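Everything below concerns the one structure shown next.
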Amino acid sequence: MQYWLFKTEPNVFSIDDLKNSPKATCFWEGVRNYQARNLLRDSIQKEDLVFIYHSRIEPLGIVGIAKVTKSGYPDPFAFDKNHKYFDPKSKLESPTWYGVEVTFVEKFSRTITLKEMKETTGLDKMMLTQKGSRLSIQPVSEKEFKIIQKLAAK
DNA sequence: GCCAACGTTGGC
DNA sequence: GCCAACGTTGGC
């Protein structure tokens with residue numbers, strides 16, 4: 001079992017949108033970065049836990065937890081010519097882009113802000129707190145996951 | 001296969 | 001909204 005962090009812009013898709021989805025479940029679509037694709041396709045497994053991170057809009061930070069309910073499969077929107085995530089490079093027989101299915105687990109009673117995480121001992125090596133870290137699908141260590149869970153329980 | 005130009009992400 | 005830090009593209 002592994003831990004991850006998925007970034008999303010809450011005005012596009014927030015943790016509340018996930019919660020309000022049918023069965024509180026959705027396909028994490030539209031990732032168009034090869035490093036993130038590799039994680040979605042090869043590394044992220046069913047039952048893994050995922051921090052949902054709100055980017056771009058204040059307050060920046062982790063807002064809750066989701067669970068992976070289906071491991072990597074091809075992003076169908078990459079094949080849809082009329083969809084904004086269409087990519088002619090992605091072929092049915094050799095898909096370029098992948099996603100996973102996630103299900104809402106919990107929303108924290110407060111946002112664990114980026115600022116707070118930067119100031120927390122033990123999170124200084126976390127990918128998220130590094131300068132210029134833009135990867136939208138990031139690995140989180142068990143230690144980091146536990147520290148953040150503890151912050152959320154405060 | 002280098003690298004300049006361009007596009008995107010995301011904190012501030 | 002600005003712009004630094006990345007990623008990608010395409011001419012050579």
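All of these numbers come straight from a predicted model, not from anything done at the bench.
A salt bridge does not link A:Arg37 to A:Asp42: none of the charged nitrogens lies less than 4.0 Å from a carboxylate oxygen. Between A:Lys67 and A:Glu101, none of the side-chain N atoms (NZ, or NE/NH1/NH2) sits under 4.0 Å from a carboxylate O, so this pair counts as no salt bridge. A salt bridge does not link A:Lys118 to A:Asp124: none of the charged side-chain nitrogens sits closer than 4.0 Å to a carboxylate oxygen.
The two residues A:Val105 and A:Ala66 come nearest to each other via the heavy atoms CG2-C, 3.7 Å.
Of the side-chain N and O atoms in A:Tyr53, one or more sit less than 4.0 angstrom from OP1 or OP2 of B:dG11. Between C:dA4 and A:Lys131, no contact under 4.0 Å exists linking OP1 or OP2 to a side-chain N or O.
If you take CZ of A:Arg32 and C1' of B:dT9, they are 16 Å apart, rounded to a whole angstrom. Rounded to an integer number of Å, the gap from A:Leu135 CG to C:dA5 P is 18 Å. Residue A:Trp97 contributes atom CH2, which lies 13 Å from atom P of C:dG7 at whole-angstrom precision. Taking atom CD of residue A:Gln35 and atom C1' of nucleotide B:dT8, one finds them 15 Å apart after rounding to whole Å. In this structure, A:Gln130 places its CD atom 15 Å from P of B:dG10, rounding to the nearest Å. As rounded to whole Å, 17 Å separates atom C1' of C:dC6 from atom CD1 of A:Ile137. Per the geometry, CG belonging to A:Leu128 stands 14 Å off P belonging to C:dC6, to the nearest Å. Atom CZ in A:Arg134 sits about 14 Å away from atom P in C:dA4, given to the nearest Å.
Residue A:Asp87 holds its CG atom at 9.5 Å from CG of A:Asp75, rounded to the nearest 0.5 Å. Note that CG of A:Leu128 is 10.5 Å distant from CZ of A:Phe51, once rounded to the nearest 0.5 Å. The NZ atom of A:Lys143 lies 13.0 Å from the CD1 atom of A:Ile148; values are rounded to the nearest 0.5 Å.
Listed by residue number, A:Lys7 are the residues of residues 4-15 of chain A with a heavy-atom contact under 4.0 Å to DNA chain B. Residues from residues 54-64 of chain A lying near DNA chain B, meaning a heavy-atom separation below 4.0 Å, are A:Ser55, A:Arg56, A:Leu60 in numerical order.
Counting only distance, with no hydrogens or angles, the side chain of A:Thr8 and the backbone of A:Pro10 share no donor-acceptor pair below 3.5 Å.
Among the protein residues, A:Lys115 comes within range of no part of the nucleic acid, since none of its heavy atoms lies under 4.0 Å from any strand.
Ring centers of A:Trp97 and A:Tyr34: under 6.0 Å apart, within the cut-off.
Of the candidate nucleotides B:dG11, C:dG7, C:dA5, B:dG11 has the atom nearest to the side chain of A:Leu114.
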